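Written out below as structure tokens is the structure these notes cover.
This is a predicted model, so every value here is computed, not measured. We use all heavy atoms of the structure for the numbers below, so side chains are in, but hydrogens, waters and symmetry mates are not. Each chain gets a letter, A, B and so on, in the order the sequences are listed, and its residues count up from 1.
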Protein chains: 2
Amino acid sequence: MLKGHLDAIVLAALEAGPAHGYAIIETIKTASSGTFDLPEGTVYPALHRLEQAGLLASAWMTPPGGRKRRVYSLTKAGSSALGERRTAWRRFSGAVDTMLNGGQAWPA
Amino acid sequence: MLKGHLDAIVLAALEAGPAHGYAIIETIKTASSGTFDLPEGTVYPALHRLEQAGLLASAWMTPPGGRKRRVYSLTKAGSSALGERRTAWRRFSGAVDTMLNGGQAWPA
DNA sequence: TTCCATACCTAGCATAACTAGGCATTAGTC
DNA sequence: GACTAATGCCTAGTTATGCTAGGTATGGAA
């Protein structure tokens, strides 16, 4: 359903600051009011893809009294990619709005 | 990029009235200001899918002095499916907007 | 008669989200 | 102490679907 837009969502979730996978899932779920309740099998491979593409960097962290986590953060390339994704999303969603509303998009 | 939303777009393109495949492609291209310039290999299979799902009906027509065309029209199931898709799209795009804008969606 | 636009089709590819499992640790409860 | 739930990470394989790249054919214009 969100095919092609997951990357933008994950990147956006990391814009506020670094986070580990499990927390990213929670953030997305909360921020979208439950609309995006993503299974781990969706998010973890996406994180790996984005890291491999150079848009994210990761480091293992062990908080005191906690367990090892892999913390992801946006790289510079990730930031600029997010900008492009945002633009692409606006264009895309505007076009779909126009199609579905029969010519009426949201006001600018 | 438009994975999962193509069906809604095609259904919406047929809401104004029946049309044949080639014309649907042109309509989508024009209505989206060129954003959706869909190849035939995308649209024709989608039309077949939608017909098989009972959302579209088709009939071969031969306009005077023209060539055979396959004209598609919305079925009742197609109409109600379009309504559901529209609702789903609003929810979906609203959630993505919220994510990408850091909590700020378009005004209602 | 050659070329382009119209008009339809399909086999196979690529991608990406999801299913369905597995592993390990911590905290809380019975 | 045993058990359970929540946390936290992972991957192999399935599936859906849009797209590539081809094919066929007609009508009109150059």
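Rounded to whole Å, the distance from CD1 on A:I25 to C1' on D:dC9 is 10 Å. Regarding A:W60, its CH2 atom lies at a distance of 14 Å from the P atom of C:dA24, rounded to whole Å. D:dT17 atom P lies 14 Å from atom CD1 of B:I9, rounded to whole Å. Taking atom NZ on B:K68 and atom C1' on D:dT24, their separation rounds to 13 Å, with Å as the unit. We find that NZ of B:K3 is positioned 11 Å from C1' of D:dT15, with the value rounded to whole Å. In this structure, the CG atom of B:L2 is 17 Å from the P atom of C:dT15, given to the nearest Å. Atom pair B:L50:CG and D:dA16:P shows a separation of 15 Å (rounding to whole Å applied). Atom CD of A:E40 and atom C1' of D:dT7 are 9 Å apart (whole Å).
Relative to the side chain of B:Y44, the nucleotides D:dC19, C:dA7, D:dC9 differ in distance, and C:dA7 lies closest. Looking at the side chain of B:L6, the nearest of the listed nucleotides D:dG8, D:dG18, C:dA17 is D:dG18. Among the nucleotides D:dC10, D:dG18, D:dT7, the one closest to any side-chain atom of A:R67 is D:dT7. Considering only side-chain atoms of A:Y72, the nucleotide from D:dC10, C:dT10, D:dA16 that sits closest is D:dC10.
A close approach under 4.0 Å does not occur between any side-chain nitrogen or oxygen of A:H5 and OP1 or OP2 of C:dA17. Of the side-chain N and O atoms in A:H20, none sit less than 4.0 angstrom from OP1 or OP2 of D:dT7. In this structure, A:R69 reaches the D:dG8 phosphate: one of its side-chain N or O atoms is under 4.0 Å from OP1 or OP2. Remark: A:R70 is in phosphate contact with D:dC10, judged by side-chain N or O atoms under 4.0 Å from OP1 or OP2.
Using a 4.5 Å heavy-atom cutoff, the side chains of A:R69 and A:Y22 are not in contact. Counting heavy atoms from C-beta outward, A:Y72 and A:H20 have side chains that stay 4.5 Å or more apart. Using a 4.5 Å heavy-atom threshold, the side chains of B:L38 and B:K29 count as separate.
By the 4.0 Å N-to-carboxylate-O rule, A:D97 lies too far from B:R90 to be salt-bridged with it.
Ring geometry, A:H5 versus B:H5: the interplanar angle falls from 30° to 60°, so the pair is classed tilted.
At the heavy-atom level, A:G21 lies under 4.0 Å from the strands shown only through sugar-phosphate atoms.
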